[in-house]
Amino acid sequence: QVQLAESGGGSVQAGGSLRLSCAASGSIFSINRMGWYRQAPGKQRELVAMFTSGGSTNYADSVKGRFTISRDNAKNTVYLQMNSLKPEDTAVYYCNADIWVVVTTQIQGYDYWGQGTQVTVSS
C-alpha cells in the first residue's frame, strides 16, 4: 500500500556532508510520524532524528548540532542533512514512518520501513 524510497547514501570523508531523502508513496491518508534510524554492524538500531505526531523533532544526542531533519509535506518526503560526518556515523540508515491509510472505509495506521541506505565515513 505504501512504499518508502530512500536515497542519498554513499561514501564520504570525515568532515564531509551527505543529504538523505525518503519519499513515501501510495494510498496515504496522512503521515503521523516520520524520520530516521540507523544501525551499525553488531550494534542496536537507534533513533537518529524524527518528526513526531505533533510536528516537533527529536534527535539523538550524538548527532545534535550536526544533523538536521526537514520535510516537504506536499511531497510526503523527509530529509536528513548530515554535516561534519564522523567515522562513527557509519551505518545503514533506515527511513521509518507511521502512516495512516484507508482500508475499505476504515482509517488504520501502519509502521513502515525503508530498505536502508549505506552511509560510510572514512577517516
Side-chain angles (χ1 to χ4, degrees):
Q1 293 178 311
V2 173
Q3 301 281 333
L4 300 181
E6 301 153 319
S7 63
S11 298
V12 66
Q13 293 183 347
S17 298
L18 287 172
R19 192 189 193 200
L20 307 182
S21 65
C22 175
S25 62
S27 301
I28 299 170
F29 180 81
S30 65
I31 298 177
N32 184 53
R33 171 186 51 77
M34 195 170 185
W36 297 90
Y37 284 75
R38 69 184 181 186
Q39 188 168 25
K43 294 189 176 182
Q44 184 181 9
R45 185 172 297 189
E46 65 174 345
L47 175 70
V48 178
M50 183 70 64
F51 276 108
T52 70
S53 60
S56 62
T57 56
N58 292 324
Y59 291 93
D61 288 341
S62 60
V63 307
K64 288 180 179 177
R66 299 188 298 121
F67 292 8
T68 303
I69 188 170
S70 61
R71 63 184 176 184
D72 185 337
N73 291 334
K75 297 180 179 180
N76 292 323
T77 299
V78 295
Y79 306 92
L80 186 67
Q81 180 65 47
M82 304 185 294
N83 298 326
S84 301
L85 283 162
K86 304 174 181 179
E88 51 262 44
D89 295 318
T90 296
V92 177
Y93 285 70
Y94 296 92
C95 182
N96 172 248
D98 178 25
I99 297 176
W100 297 93
V101 299
V102 177
V103 180
T104 313
T105 59
Q106 303 294 316
I107 300 173
Q108 298 184 5
Y110 296 93
D111 194 49
Y112 294 92
W113 291 90
Q115 292 298 306
T117 183
Q118 178 71 48
V119 171
T120 302
V121 184
S122 60
S123 300

* **Sub-4.5 Å side-chain heavy-atom contact between Y59 and T68** => yes
* Results of side chain to side chain contact (heavy atoms under 4.5 Å, CB included) for T120 - residues two or more places apart only -> S11, T90, Q118
* **Distance, nearest 0.5 Å, that separates CG of L20 from CG of L80** => 5.0 Å
* Structure fact -> Across all chains, not counting sequence neighbours, the side chain to side chain contact (heavy atoms under 4.5 Å, CB included) partners of D111 are R33, N96, W113
* Which heavy atom in L47 sits nearest to a heavy atom in N58, and how many Å separate them? -> CD2-CB, 4.4 Å
* Residue pairs involving residues 13-118 (criterion disulfide (SG to SG under 2.5 Å); sequence neighbours excluded) -> C22-C95
* Indicate yes or no: at least one non-hydrogen side-chain atom of N73 is less than 4.5 angstrom from one of F51. => no
* Quick one: pull up CE in M50 and CD1 in I69 and give me the separation to the nearest 0.5 Å. => 7.0 Å
* To do: Mind checking side-chain hydrogen bond (donor to acceptor under 3.5 Å, both in side chains) for T77 and listing every partner two or more places apart, or none if nothing turns up?
  => none
* Counting only heavy atoms not in Q108, do more than 12 fall under 6.0 Å of its CD? -> yes
* To do: Take atom CD of Q106 as the centre, draw a 6.0 Å sphere, and report whether it contains more than 12 heavy atoms from other residues, nucleotides or ligands.
  => no
* Structure fact -> Value for CG (D98) from OG (S53), rounded to nearest 0.5 Å, stands at 8.5 Å
* To do: Using the test side chain to side chain contact (heavy atoms under 4.5 Å, CB included), find all partners of I28 that sit at least two apart in sequence or belong to another chain.
  => V2, A24, I31, N76, I99
* Structure fact -> Taken to the nearest 0.5 Å, the spacing of L85 CG from F67 CZ works out to 5.0 Å
Could you tabulate the donor-acceptor pairs under 3.5 Å formed by side-chain atoms of residues 34-44, not counting sequence neighbours?
from	atom 1	to	atom 2	distance (Å)
R38	NE	E46	OE2	2.7
R38	NH1	D89	OD1	3.0
R38	NH1	Y93	OH	2.9
R38	NH2	E46	OE2	3.2
R38	NH2	S62	OG	3.3
Q39	OE1	R45	NE	3.3
Q39	OE1	R45	NH2	3.3
Q39	NE2	K43	O	3.1

* Can you hop from V92 to V63 via hydrophobic side chains spaced under 4.5 Å? -> no
* **Heavy atoms from other residues, nucleotides or ligands near CZ of F29 exceed 12 (cutoff 6.0 Å)** => no
* Side chains of Q81 and Y79, donor plus acceptor under 3.5 Å -> no
* Hey, does V103 have a side-chain heavy atom less than 4.5 Å from the side chain of Q1? -> yes
* **Closest approach of S7 to S21 (non-hydrogen atoms, all atoms of both residues)** => OG-OG, 2.6 Å
